[in-house]
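What you see is a predicted model, and the numbers here were worked out from it, not measured in a lab. Counting starts at 1 for both ligands and their atoms, following the listed order.
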Amino acid sequence: MTHRSLRLGVNIDHVATVRNARGGGQPDPIRAARMAVEAGADGITAHLREDRRHIRDADMETLARVLTVPLNFEMAATDEMVALAIRLKPHAACLVPEKREERTTEGGLDIVGGHEHLAPRIIALSAAGIRVSLFVEPDVAVMDAAHRLGAPVVELHTGTYCEAVAAGNTKRVSVELARIARAATHGASLGLEIHAGHGLALDSVGPVAALAEIAELNIGHALIGEAIFTGLDQAVRDMRAAMDAARGASAA
Ligand code: PXP
């Protein structure tokens with residue numbers, strides 16, 4: 001399926017990172033979420049990590065209560081997180097691999113190897129009315145595996161592509177972009193809803209946003225970083241405009 005419009009999910013984790021650096025309540029991730037929505041975010045994403053290094057349980061509770069747009073609860077596929085999600089009932093849960101020592105999520109879930117014990121968790125979350133997505137590598141075989149697992153949504157990991165953009169490695173950029181495009185086309189042909197995210201910034205978002213099968217992008221670090229200079233409202237508006245321009249140009 002191709003999507004005319006492309007949703008923007010704003011990840012507010014790093015507002016909480018800054019808050020936690022000092023203790024106390026400032027800057028407030030809930031205020032950031034509200035501001036992002038005002039500026040055009042279609043949804044809010046927050047990752048409650050096992051070590052609670054940024055978003056905390058109370059943040060998730062408040063987001064689930066006050067948001068007027070869909071909340072995407074990013075989480076490891078653990079019993080603790082599944083139980084919490086079932087209690088809070090966010091619109092969506094995005095299952096990600098999580099290692100304590102990593103700085104951010106490095107690589108997608110190993111669903112081809114089947115080492116993540118995902119099936120019962122997908123079933124439990126879905127039964128609670130939560131839309132499950134799997135954060136995976138942009139790979140055709142991985143799309144087949146996600147489909148077999150019964151997840152309705154995959155989020156394609158764009159980190160390697162974004163690293164190539166940052167390094168100015170044009171050959172690598174086109175290889176990685178082609179991988180993302182192939183996975184998106186194949187996944188969509190299987191009936192999966194296709195999302196993408198990780199590392200996306202103003203200089204890398206366009207070619208991904210132009211892929212018609214992609215329904216949603218989840219973006220955090222670059223927006224919060226840019227917000228230091230332009231303000232969060234402007235950062236979200238600029239990202240939204242870049243996404244819309246790329247999608248509009250590809251549809252024309
Ligand atoms: N999507 C997923 C599944 C992620 O784990 C992350 C990082 O938390 C993002 C999107 C957003 O990545 P970034 O903060 O680099 O924009």
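Using a 4.0 Å cut-off between charged side-chain N and carboxylate O, Asp244 and Arg237 make no salt bridge. Between Glu38 and Arg34 there is no salt bridge, since no side-chain nitrogen of the basic residue lies less than 4.0 Å from a carboxylate oxygen of the acidic one. Using a cutoff of 4.0 Å between basic side-chain nitrogens and carboxylate oxygens, Arg172 and Glu163 are not scored as salt-bridged. Taking 4.0 Å as the cut-off between side-chain N and carboxylate O, Arg148 and Asp144 do not count as a salt-bridged pair.
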Show me, pair by pair, the donor-acceptor contacts under 3.5 angstrom made by side chains of residues 79-94, not counting sequence neighbours?
from	atom 1	to	atom 2	distance (Å)
Asp79	OD1	Arg121	NE	3.4
Asp79	OD1	Arg121	NH2	2.7
Glu80	OE2	Arg52	NH2	2.8
Arg87	NH1	Glu61	OE2	3.4
Arg87	NH2	Glu61	OE2	2.6
Lys89	NZ	Ile86	O	3.1

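For Thr45 and Asn72, the side-chain atoms include at least one donor-acceptor pair closer than 3.5 Å.
Comparing Met75, His198, His47, His195 against atom 9 (C) of ligand 1, the shortest heavy-atom distance belongs to His198.
For ligand 1, the atoms lying closer than 4.0 Å to a non-hydrogen atom of Val96 are 3 (C). Within the listing of ligand 1, atoms 8 (O) sit less than 4.0 angstrom from a heavy atom of Asn11. Heavy-atom proximity to Glu74, at under 4.0 Å, picks out these atoms of ligand 1: 2 (C), 3 (C), 4 (C), 5 (O), 6 (C), 8 (O). Close contacts between ligand 1 and Ile219 involve ligand atoms 16 (O) [criterion: under 4.0 Å to a heavy atom]. Of all atoms in ligand 1, numbered sequentially from 1 with element shown, those under 4.0 Å from a heavy atom of Gly220 are 13 (P), 14 (O), 16 (O).
Smallest separation of non-hydrogen atoms from Val132 and Ser126: CG2-OG, 3.7 Å.
At least one heavy atom of Gly199 sits under 4.0 Å from some atom of ligand 1.
Contacts between His157 and ligand 1 below 4.0 angstrom, taking non-hydrogen atoms only, are absent altogether.
For ligand 1, the polar-atom distance check against His14 finds no nitrogen or oxygen pair separated by under 3.5 Å. Below 3.5 Å of separation, one finds an N or O of Glu155 facing an N or O of ligand 1. Every N/O-N/O distance between Ala222 and ligand 1 stays at or above 3.5 Å.
Classified by interplanar angle (parallel below 30°, tilted 30° to 60°, perpendicular above 60°), the ring pair His14/His221 is perpendicular.
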